[in-house]
Peer 1: 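The structure follows.
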2 protein chains.
Amino acid sequence: MNLTWQTRADAGAPELSSEDLDRIHARWRAANYLSVGQIYLLDNPLLRRPLERDDVKPRLLGHWGTTPGLNFLYAHLNRIIAERSQPALYITGPGHGGPGLVANSYLDGTWSDVYPAVTRDEAGLQRLFKQFSFPGGIPSHVAPEVPGSIHEGGELGYALSHAYGAAFDNPDLLVFAVVGDGEAETGPLATSWHSNKFLNPVTDGVVLPVLHLNGFKIANPTVLARIPEEELVALMKGYGHHPHIFTAGFDDEEPEAFHRRFAELLDQVMDEIAEIRTVAAEQGADAAERPAWPMIVLRTPKGWTGPKEIDGNKTEGSWRSHQVPLASARDTDGHLQDLATWLESYEVGDLFDENGAPVAELDATTPPVGLRLGERPEANGGIIRKALRLPDFRDYAVEVPAPGASIDEATKVLGGWLRDVVKDNPTNFRIFGPDETASNRLQSVYDVTDKQWVAEYESPDVDQHLARVGQVVEVLSEHQCQGWLEGYLLTGRHGLMSSYEAFIHIVDSMVNQHAKWLKVTNHLEWRRPIASLNYLLSSHVWRQDHNGFSHQDPGFIDHVVNKKADVVRVYLPPDANTLLSTFDHCLRSRQYVNVVVAGKQPNPNWLTMDEAVKHCTRGLGIWDWAGTEEEGTEPDVVLACAGDIPTIEVLAAAEILRRRIPELRVRVVNIVDLMRLQDEDEHPHGLSHRDFDTIFTDDKPIIFAYHGYPWLIHRLTYRRTGHSNLHVRGYKEEGTTTTPFDMVMLNDLDRFHLVIDVIDRTPGLGARYAGLRQEMVDKRLDARAYARQHGDDIPEVRDWVWPDAGDAVDQSQVQAAVSTGGDNE
Amino acid sequence: MNLTWQTRADAGAPELSSEDLDRIHARWRAANYLSVGQIYLLDNPLLRRPLERDDVKPRLLGHWGTTPGLNFLYAHLNRIIAERSQPALYITGPGHGGPGLVANSYLDGTWSDVYPAVTRDEAGLQRLFKQFSFPGGIPSHVAPEVPGSIHEGGELGYALSHAYGAAFDNPDLLVFAVVGDGEAETGPLATSWHSNKFLNPVTDGVVLPVLHLNGFKIANPTVLARIPEEELVALMKGYGHHPHIFTAGFDDEEPEAFHRRFAELLDQVMDEIAEIRTVAAEQGADAAERPAWPMIVLRTPKGWTGPKEIDGNKTEGSWRSHQVPLASARDTDGHLQDLATWLESYEVGDLFDENGAPVAELDATTPPVGLRLGERPEANGGIIRKALRLPDFRDYAVEVPAPGASIDEATKVLGGWLRDVVKDNPTNFRIFGPDETASNRLQSVYDVTDKQWVAEYESPDVDQHLARVGQVVEVLSEHQCQGWLEGYLLTGRHGLMSSYEAFIHIVDSMVNQHAKWLKVTNHLEWRRPIASLNYLLSSHVWRQDHNGFSHQDPGFIDHVVNKKADVVRVYLPPDANTLLSTFDHCLRSRQYVNVVVAGKQPNPNWLTMDEAVKHCTRGLGIWDWAGTEEEGTEPDVVLACAGDIPTIEVLAAAEILRRRIPELRVRVVNIVDLMRLQDEDEHPHGLSHRDFDTIFTDDKPIIFAYHGYPWLIHRLTYRRTGHSNLHVRGYKEEGTTTTPFDMVMLNDLDRFHLVIDVIDRTPGLGARYAGLRQEMVDKRLDARAYARQHGDDIPEVRDWVWPDAGDAVDQSQVQAAVSTGGDNE
């Protein structure tokens with residue numbers, strides 16, 4: 001019987017008995033005991049002999065303070081799950097509470113399911129304790145190693161974003177999200193309360209936030225614990241929630257009493273949710289109004305049930321409980337005795353049988369197999385991930401009669417394909433973005449879906465493409481978008497984030513944490529691969545016409561390539577067909593962070609779809625048609641490019657060289673997959689040295705026009721034979737609001753400068769082509785002067801197109817390609 | 001007469017007349033006209049002939065939507081400033097509103113003060129219009145080029161943090177902070193409302209937030225404009241504010257009427273502030289309770305006063321007003337005519353005299369000289385910046401009888417000096433941090449100051465070092481800390497941010513924007529240098545004992561070095577005395593971003609203060625005492641190190657080599673100033689090639705142990721002669737909760753591996769020292785096995801100390817140096 005979203009009365013649940021509450025209390029005591037044991041004990045796990053110094057770990061590492069509160073919630077949530085057959089996830093915002101989640105997974109039996117060596121007996125307990133924060137063991141946080149977790153919480157702020165990401169398109173799921181009051185001070189968390197304006201109460205699941213006010217951080221009180229309760233209530237109402245305040249642990253109230261109070265509160269809250277769902281179902285998904293979802297404020301002492309005082313200082317209920325309260329337990333008799341007393345306070349003798357297995361009373365608190373929090377498939381998304389239904393991207397190809405003979409906005413072309421990806425995967429694929437999906441030219445997706453918006457509506461002429469159900473979710477917070485997408489992927493679905501290139505740095509630290517998660521899960525066999533985290537970065541550094549310097553930063557690529565090579569991929573498709581091919585590859589991939597940078601402006605197309613597929617498969621290649629090599633001989637110079645704008649400038653430079661230095665043998669190389677530049681030892685996509693030398697030569701000058709910071713190319717290629725011949729042009733932090741060509745000139749990436757570089761770097765050209773060199777210098781000056789007078793680029797640049805294109809090209813379109821306005825923000 | 005913080009009645013201000021309101025309206029019309037003119041007009045600035053296509057710019061770049069609201073507020077704020085002689089700053093959260101702030105600065109006369117070529121006549125107006133978003137002109141945002149601005153707002157989210165940073169220790173200042181409703185969705189902004197819990201109502205200034213709900217972002221409605229008003233009010237009350245809601249522009253209300261309503265509201269709000277200040281002054285700074293500061297919600301149409309409809313689509317009051325509503329004004333007669341009508345609607349003939357100067361009625365709206373928003377010294381902090389009073393850091397030196405013969409926690413030693421910096425600069429220096437000041441061992445500062453905390457208090461045994469006035473400000477939001485510090489520095493003061501190394505990535509994008517601001521101001525003569533932004537990053541990647549992988553990331557350095565070389569500096573002092581010397585240098589510097597990474601664990605001291613000063617002055621150097629070179633000959637191998645942990649490992653490796661390969665001539669080089677590695681052409685601190693080769697040799701193997709990601713060293717040195725001999729060890733994203741030595745082993749940075757590297761890379765050693773090599777391999781295995789068994793490092797490593805130290809060292813301290821727990825979080 002599926003009791004999901006029924007009130008307790010409707011479900012016919014019996015009254016809570018004293019025995020029920022005793023069991024909850026036993027479960028809490030057991031989890032607390034196992035938590036303390038993990039932090040302190042190397043041996044003697046059941047205290048079957050007096051505690052000795054050698055039983056204590058030599059290095060005491062971990063965090064106690066947040067743990068008992070997490071254990072309290074876990075025990076009560078178990079009852080709800082069992083009673084209502086409620087599929088649930090437990091998101092541990094206070095990731096420091098690793099010992100608690102490990103303890104509960106052990107008590108559930110799910111720890112031993114995935115780590116059979118940790119048996120449910122005394123020997124297993126000893127292993128459980130020893131492994132925690134121990135060399136060769138497990139980390140101290142709620143890390144990927146913990147079954148049931150999709151959220152480590154080492155870096156704070158993303159608990160609610162992850163929770164809502166998990167809830168999207170999971171209508172039967174209850175996501176129980178614990179937010180620490182330290183975390184609550186972070187920016188990302190502060191805005192993530194507003195996620196409720198994006199959650200459909202019929203087609204999505206339910207998030208139940210619990211703000212755990214234990215009052216302290218490392219060495220400070222927390223803000224939300226130190227404002228008047230009426231402000232706290234107003235804040236939560238302002239966020240659109242119905243808050244319930246619950247306080248325990250500050251007086252001598254009996255456990256049965258506070259357990260009863262909390263159990264009843266949880267029933268009340270679950271009933272409230274059930275009523276909301278019923279009303280919403282009646283309204284229908286497309287018309288459902290945003291409800292005021294319940295949330296709980298849980299006020300407890302920090303380090304609840306731990307030592308009241310240590311060395312005369314208040315410990316329970318203070319920041320002194322944050323980490324390891326009895327730091328000298330191995331070194332002083334006093335602390336050792338305090339530890340023994342503390343451990344004994346949980347009455348461990350009643351909790352484990354003679355073999356060391358949890359007693360039946362404890363097992364009775366665990367939800368039935370299938371519903372245990374440690375085994376929910378949503379917390380191991382790879383096992384339920386379904387491959388996307390992907391339309392053949394080749395069908396969306398643009399016509400390219402000759403290189404440069406047609407013009408398209410690459411991301412708009414991609415949008416056409418994404419429209420059908422969206423359509424074919426209605427509950428399995430979402431696009432997240434900070435209000436830039438249309439600005440980045442993906443507007444075709446609105447032919448088949450809308451932006452999910454569960455706040456108020458005004459009138460249709462301004463509320464375009466908004467609906468209560470939709471596969472695009474937009475809010476002006478990169479943190480939220482990233483957190484939602486991570487939560488969506490981690491629970492087994494697919495998606496992408498579309499953003500401006502410069503501002504994706506806002507989530508630098510989040511992508512760090514996700515990449516670390518992927519790296520660790522690559523080594524956990526029981527964790528199955530999840531869909532890759534895909535970024536489409538447009539409105540990039542070279543075309544920030546409306547915004548200028550503040551919107552110019554290509555350094556996210558640099559940031560990402562610092563992560564483990566087996567989890568990061570970076571692509572710079574130069575045109576529409578290569579972008580299609582690249583993105584198809586990304587959406588099929590698993591366990592990666594894929595960064596795709598592509599322009600949204602009208603841009604010449606260079607490759608037919610067949611050529612594009614081959615080019616993307618190789619990741620880089622020589623563009624014969626663009627160079628002037630003779631077969632069987634080496635070129636005199638290599639012009640390399642990565643990125644759409646650098647490709648235009650390199651092709652224009654090659655064209656100048658073809659006309660003006662006809663004897664020069666120029667090779668043009670284009671790079672789509674940046675990781676190909678690296679050594680094969682450093683990155684799985686890396687080229688062998690032989691292949692690299694074949695393409696780039698080992699002794700000829702390589703003039704490399706790169707989309708981002710030039711030194712990244714040096715860092716990727718420093719081991720290559722010809723590295724000392726490499727001269728890279730790229731963004732060197734020069735920019736403002738100006739014309740597109742002035743932007744490339746400001747950074748010496750323009751065609752004229754590339755020709756100068758060729759003359760300067762190729763032996764023998766300098767003396768013979770001093771005149772051409774000077775002409776290029778003058779061209780630059782002319783272009784700059786023209787821009788300052790006319791506010792536009794010189795016609796020669798505006799009209800430039802790949803020469804083979806001939807008359808097939810509409811010159812006004814070509815002009816548009818290089819002269820129209822940039823981003824829309 | 002100083003009317004600051006008086007009520008209007010007390011100040012004896014007269015009633016508002018119709019003429020007052022007419023003048024405000026004229027000012028608003030003028031600012032709006034000048035804003036539209038800047039976006040569209042190349043010529044014909046006063047419409048003295050019919051508008052023609054060629055009068056319109058060829059590339060229309062900029063943002064209209066937010067501008068009229070900003071102009072409305074500016075006009076009203078001017079009256080308040082003039083009437084109350086109120087020093088004020090205007091923080092423009094919606095940085096897109098560049099045209100508005102430029103227009104108002106022009107009307108104030110302050111634009112012409114700093115840019116005399118832009119005269120107050122028709123020719124000046126033409127220049128003003130043309131320069132906007134034009135090659136060779138000014139950017140489209142409220143950039144550093146705009147007098148009166150400390151906030152560009154290109155990347156959104158920091159308006160309130162900057163405002164509060166400006167208000168700290170500026171008791172007479174009113175900081176008027178406009179928050180856009182797009183920006184309000186970001187995480188950093190969402191938490192920054194809580195800044196009011198850190199502001200002292202006596203010793204700090206006042207922040208008056210205005211949440212400008214114009215309802216739309218680029219292509220979406222905004223969340224806060226689409227929740228019920230009761231939720232919005234609750235949210236602001238929850239944030240601790242007293243909200244005032246004001247709506248205008250949605251009906252046919254006469255301008256005089258809505259101007260009167262808003263003027264009266266502003267008077268009411270200023271009176272409220274005055275009353276708060278009076279009460280607080282009576283309570284006294286040390287006892288003042290946190291008041292509910294007023295804030296204003298301003299609800300207007302987006303693009304207010306712009307075209308109601310364009311091409312049949314609603315424009316005023318919709319997202320269609322965001323950027324340039326009449327995009328085809330140069331290309332179509334229809335749009336050209338619409339533009340002419342729009343411009344004429346402001347009745348420009350009444351606003352400028354025959355020469356094109358603003359009429360007297362407009363000048364009358366400008367505050368007196370000295371109070372004009374475009375000239376406030378707080379917005380050009382360099383002109384009021386006072387040098388810090390810095391105690392002589394040499395007096396805080398630790399004793400170093402011989403290298404390694406004493407042990408200290410470097411950041412704790414720094415804390416001693418910072419204590420006296422704090423004491424000697426009570427209103428000019430602040431430390432900001434995310435609850436990590438004590439964790440990073442700077443607790444000595446609490447001898448002389450406290451953490452400023454204006455929320456509730458509990459009891460003294462848990463509320464240690466908290467007070468209503470204090471020079472340390474801590475909240476668990478790196479965004480807030482960074483924003484506060486930026487605001488504090490930009491308004492002419494000094495400070496530092498203390499944080500964990502891994503999580504400083506949270507502010508990657510903020511430091512981008514600040515570095516860009518510094519770069520631009522370096523080229524603006526009228527902007528004077530401000531104090532550098534100093535980071536002390538501790539709890540670094542190698543000693544995250546309690547937290548493990550999620551807390552390990554040294555990549556902030558990589559991020560920062562992508563910024564312009566003339567604004568970034570990176571230091572890795574290896575011990576306490578070098579840290580003191582480094583930080584003294586940082587606090588004296590101007591216009592930089594200084595990143596200092598230093599450990600907080602007990603660590604051997606290597607250099608006496610005299611040696612440290614010399615070493616830091618050079619930035620790097622050969623440590624003769626650590627190597628085995630013979631005078632007059634070149635070494636066989638160079639061991640280089642940067643960072644405290646790599647220094648220990650290199651010195652230990654050198655010691656093994658001294659004993660085991662006595663004939664090998666080893667040179668040890670330590671690097672404090674990372675930028676010394678770069679080319680002198682690339683960075684002002686860069687070594688010449690000759691000096692580099694002298695130190696590192698041009699042909700010997702260089703084994704480089706580096707604190708962070710190893711490839712950064714390659715990127716910095718790829719142009720060096722000996723680059724191909726360079727082998728770098730560093731953090732390669734391997735880590736977990738384990739022992740300190742296991743951490744270095746996981747990343748092959750340990751002494752044993754360095755010895756292996758020396759044997760493998762130095763010609764001739766491989767064959768002869770195969771036995772030693774195997775011994776090193778075995779040592780690593782032994783160390784790993786020991787850790788897994790004992791949970792600690794092998795005694796050989798724990799006890800290791802620089803051998804010259806002899807008996808002077810307390811071995812238990814040495815052991816502590818490498819075996820105690822790490823961070824406190």
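Chain naming here is simple, since letters A, B, ... match the order of the sequence lines and numbering starts at 1 in each.
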Peer 1: Can you tell which part of A:Thr739 gets under 4.5 Å to a heavy atom of chain B, answering side chain, backbone, both or neither?
Peer 2: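 Both parts, heavy atoms under 4.5 Å.
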
Peer 1: Checking heavy atoms, do the side chain of B:Gln789, its backbone, both or neither come under 4.5 Å from chain A?
Peer 2: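 Only the backbone of B:Gln789 comes within 4.5 Å of chain A.
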
Peer 1: Heavy-atom pairs under 4.5 Å with chain B - which of A:Tyr731, A:Phe556, A:Trp453 has more of them than the others?
Peer 2: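 So the answer, after comparing A:Tyr731, A:Phe556, A:Trp453, is A:Trp453.
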
Peer 1: Can you tell which part of B:Leu466 gets under 4.5 Å to a heavy atom of chain A, answering side chain, backbone, both or neither?
Peer 2: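 For B:Leu466, the contact with chain A is made by the side chain alone.
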
Peer 1: Which heavy atom of B:Gly317 sits nearest to which heavy atom of A:Val462, and what is that distance?
Peer 2: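 Looking at all heavy atoms of both residues, the closest pair is O-CG1, 4.0 Å.
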
Peer 1: So which part of A:Val324 gets closer than 4.5 Å to some heavy atom of chain B, the side chain, the backbone, both or neither?
Peer 2: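 Side chain of A:Val324 only, per the 4.5 Å heavy-atom cut-off to chain B.
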
Peer 1: Is the distance between the ring centroids of B:His714 and A:His714 under 6.0 Å?
Peer 2: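 So the answer is no for these two rings.
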
Peer 1: Contact part of A:Lys197 toward chain B, heavy-atom cut-off under 4.5 Å: side chain, backbone, both or neither?
Peer 2: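 Only the side chain of A:Lys197 comes within 4.5 Å of chain B.
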
Peer 1: Please report whether the ring centroid of B:His96 lies less than 6.0 Å from that of A:His546.
Peer 2: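 So the answer is no for these two rings.
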
Peer 1: Would you mind checking if A:Arg226 and B:Asp463 are paired as a salt bridge, meaning a charged N to carboxylate O distance below 4.0 Å?
Peer 2: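 Between A:Arg226 and B:Asp463 there is a salt bridge, with a charged N closer than 4.0 Å to a carboxylate O.
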
Peer 1: Check A:Glu682 with B:Lys732, please: is the shortest side-chain N to carboxylate O separation under 4.0 Å?
Peer 2: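 A:Glu682 and B:Lys732: not salt-bridged.
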
Peer 1: Between A:Thr222 and chain B, with a heavy-atom cut-off of 4.5 Å, which part of the residue counts as in contact: side chain, backbone, both or neither?
Peer 2: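 For A:Thr222, backbone heavy atoms alone lie under 4.5 Å from chain B.
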
Peer 1: Which residue in the set A:Lys519, A:Lys564, A:Lys516 passes side-chain hydrogen bond (donor to acceptor under 3.5 Å, both in side chains) when paired with B:Glu733?
Peer 2: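 Single pass found, and it is A:Lys516.
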
Peer 1: Identify which part of A:Asp558 has an atom lying under 4.5 Å from any heavy atom of chain B, answering side chain, backbone, both or neither.
Peer 2: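 Just its side chain gets close to chain B.
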
Peer 1: Less than 6.0 angstrom from the centroid, inside 45 degrees of the normal: does B:Lys563 satisfy that with respect to the ring of A:Tyr709?
Peer 2: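 Here B:Lys563 fails the 6.0 Å and 45° test against A:Tyr709.
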
Peer 1: Of the backbone (N, CA, C, O) and the side chain (C-beta and beyond), which part of A:Val520 lies under 4.5 Å from a heavy atom of chain B, both, or neither?
Peer 2: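 Only the side chain of A:Val520 comes within 4.5 Å of chain B.
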
Peer 1: Checking A:His465 against chain B: side chain, backbone, both or neither under 4.5 Å from a heavy atom?
Peer 2: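 When you check distances to chain B, no heavy atom of A:His465 falls under 4.5 Å.
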
Peer 1: For the pair B:Arg290 and A:Glu231, find out whether any cationic side-chain nitrogen is under 4.0 Å from an anionic carboxylate oxygen.
Peer 2: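 Looking at B:Arg290 and A:Glu231, the cut-off is met.
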
Peer 1: Donor-acceptor check, side chain of A:Ser133 to backbone of B:Thr737, threshold 3.5 angstrom: yes or no?
Peer 2: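 Such a contact is absent between A:Ser133 side chain and B:Thr737 backbone.
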
Peer 1: Please state whether the side chain, the backbone, both or neither of A:Glu478 comes within less than 4.5 Å of a heavy atom of chain B.
Peer 2: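 When you check distances to chain B, no heavy atom of A:Glu478 falls under 4.5 Å.
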
Peer 1: Between A:Glu155 and chain B, with a heavy-atom cut-off of 4.5 Å, which part of the residue counts as in contact: side chain, backbone, both or neither?
Peer 2: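 For A:Glu155, backbone and side chain are both near chain B.
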
Peer 1: Using non-hydrogen atoms only, which part of A:Glu458 is less than 4.5 Å away from chain B: side chain, backbone, both, or neither?
Peer 2: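 Both parts, heavy atoms under 4.5 Å.
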
Peer 1: So which part of A:Arg719 gets closer than 4.5 Å to some heavy atom of chain B, the side chain, the backbone, both or neither?
Peer 2: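 Neither part; nothing is under 4.5 Å.
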
